[in-house]
Structure formats: structure tokens, C-alpha cells
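Below is one structure, written out as C-alpha cells; comments come after it.
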Amino acid sequence: MPRDGKPVVSGSNVKVPERDFILFNPTKPIDIYYYLVMIGITAYTSDHTNLRREREMAMIKIAIIGGSQTNTFKKLGEKRGLSVEHHDGKTGGGPIENYFLSIINKADAIIILRGAIKHTSMWAVRELAEKKGKKIDYHDGFGASGVLDKALQLVG
């Protein structure tokens, strides 16, 4: 491996067992990274840094509680620079707090979809968020864009 930071392979796909990836110079605009992620290619630099993992670690983590659009929340959140964790708000029995503790611990901020969650779950999430010192807000609609815009306002 060269140590000068130059790409090992530039602009061409390299077939590795079960994976396609492209190596590129990390000094190039990050737009290249976004393009690679959109077309489903894992991007590495010549020093084997997984750019997607690094970016996700630096992203603001949002928990959305309620609703059922997990994939939409995650995809649109990534486009806005947010790492989204989603919980539909449904619980099955036992202490309600246990259903939400993990997602709240990971989040920098929490958005509750007010019309898509039971009151007992909403109260449990609010109480946990306050105990953990997390920012929390409520959204009346069900649309993913509105929820994510509210999240950006909350953390911005």
C-alpha cells in the first residue's frame, strides 16, 4: 500500500469476493462518497478507512418513536446528515421503559409522532429522555420529511 495518501485504485470497480468497492483519494470532494453510497458501493480510502462507518459515527443520531416508515426515515435522514433509529412505539408487556431504553441511550435527540403512539408509551419515552438529558420534541403529522425537519430544528 502506498503511504502517500494516493488511491490504490481510482475510478474503477474492483471485484472482491461478494463485494464491489472503489478506493479513492480522501482529498476529493465528499460528493463522490455520497454518489458511491447511493449506487450501493462501499467506499474505502487507501488506508482502509470505511468512509460510510466514519460518516455514520459523526452523524447526529435521532430517535423517531411512532409510525411505521422505518426505511423512509432512515433514507431521508441520511440525506439530511442524520442517523435515524426508529421504534414503532408498540410494546408487548412488562415495563414499558425497557422497550425504549436502548434507542434513547443511542440518540442525541428524540422526536415522538404524537398521533402514532399510545399515551403510556409517549409518557415513558418523555420520562426516559428527561432522565438522560436528551432533547425531545413532538410532531403531529406522519410524513417523514416533516419529522426530519423538526429533528434538524431540534438539534440545530
Side-chain angles (χ1 to χ4, degrees), residues 13 16 18-45 47-156:
N13 288 333
V16 175
E18 306 287 326
R19 297 196 68 130
D20 284 326
F21 68 92
I22 293 177
L23 297 169
F24 67 96
N25 190 335
T27 61
K28 298 278 185 195
I30 198 68
D31 292 343
I32 294 170
Y33 165 76
Y34 292 116
Y35 173 74
L36 295 174
V37 170
M38 283 181 8
I39 62 173
I41 296 175
T42 302
Y44 289 89
T45 63
D47 65 353
H48 299 285
T49 304
N50 182 325
L51 296 178
R52 181 183 194 116
R53 189 174 308 125
E54 276 196 4
R55 181 172 178 267
E56 286 173 353
M57 289 173 62
M59 294 172 85
I60 297 168
K61 293 165 185 62
I62 300 297
I64 299 174
I65 312 294
S68 59
Q69 302 182 63
T70 302
N71 291 335
T72 304
F73 290 141
K74 288 184 179 207
K75 286 179 186 176
L76 292 178
E78 187 170 316
K79 288 181 182 179
R80 288 171 165 83
L82 301 171
S83 174
V84 176
E85 291 291 325
H86 175 249
H87 190 291
D88 61 12
K90 296 177 182 173
T91 58
I96 293 174
E97 295 81 11
N98 293 347
Y99 288 92
F100 304 109
L101 188 58
S102 175
I103 193 170
I104 289 172
N105 282 338
K106 293 177 194 173
D108 297 315
I110 298 116
I111 302 291
I112 295 177
L113 298 180
R114 205 180 316 222
I117 187 172
K118 294 187 285 185
H119 285 96
T120 54
S121 295
M122 182 171 60
W123 296 327
V125 169
R126 183 184 67 203
E127 190 174 307
L128 281 170
E130 289 172 357
K131 282 181 186 175
K132 302 284 181 182
K134 306 287 180 153
K135 296 178 182 178
I136 186 167
D137 204 348
Y138 305 87
H139 185 69
D140 289 322
F142 296 98
S145 293
V147 171
L148 295 167
D149 288 344
K150 182 160 281 205
L152 285 170
Q153 289 173 358
L154 183 62
V155 297

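The two residues Tyr138 and Arg114 come nearest to each other via the heavy atoms CB-NH2, 3.2 Å. Nearest heavy-atom pair across Val155 and Ala109 is CG1-CB, 3.6 Å. Between Leu148 and Gly77, the shortest heavy-atom contact is CD1-N, 3.4 Å. Lys134 and Ile110 make their closest contact through CB-CD1, 3.5 Å (heavy atoms, listed as atom of the first residue, atom of the second, distance). Closest approach of Lys118 and Thr91 over heavy atoms only: NZ-OG1, 3.7 Å. The two residues Ala144 and Thr72 make their nearest non-hydrogen contact at CB-CG2, 3.6 Å.
Interatomic distance, Ile117 CD1 to Phe100 CZ, rounded to the nearest 0.5 Å: 5.0 Å. From Ser145, atom OG reaches atom CZ of Arg80 across 4.5 Å, with rounding to the nearest 0.5 Å. One finds the CD1 atom of Ile64 at 9.0 Å from the OG1 atom of Thr70 (value rounded to the nearest 0.5 Å). The NE2 atom of His139 sits 8.5 Å away from atom CD1 of Ile111, with the distance rounded to the nearest 0.5 Å. The distance from atom CG of Leu154 to atom CG of Asp108, rounded to the nearest 0.5 Å, is 10.0 Å. How far CG of Leu82 is from CD1 of Ile62: 5.0 Å, rounded to the nearest 0.5 Å.
Ring geometry for Phe73 versus His86: interplanar angle of 30 to 60°, hence tilted.
With a 4.5 Å cut-off on side-chain heavy atoms, Val147 and Leu76 do not count as touching. Proximity of Asp137 to Gln153: side-chain heavy atoms (C-beta onward) are nowhere separated by under 4.5 Å.
A donor-acceptor contact shorter than 3.5 Å links the side chain of Ser121 to the backbone of Gly89. A distance-only check finds a donor-acceptor pair linking the side chain of Tyr99 to the backbone of Gly92 [under 3.5 Å].
Among residues two or more places apart in sequence or in another chain, the side chain to side chain contact (heavy atoms under 4.5 Å, CB included) test is passed with Glu97 by Pro95, Ala124, Leu128.
The pair Lys74-Glu78 fails the salt-bridge criterion, with no side-chain N (NZ, NE, NH1 or NH2) lying under 4.0 Å from an Asp/Glu carboxylate O.
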Assess the residue pair Ile103 and Val125 against the criterion (side-chain contact (heavy atoms from CB on, under 4.5 Å)); give the C-alpha distance rounded to whole Å, side-chain angles, the decisive distance to 0.1 Å, and a yes or no.
CA-CA 10 Å; Ile103 193 170; Val125 169; over 6 Å; no
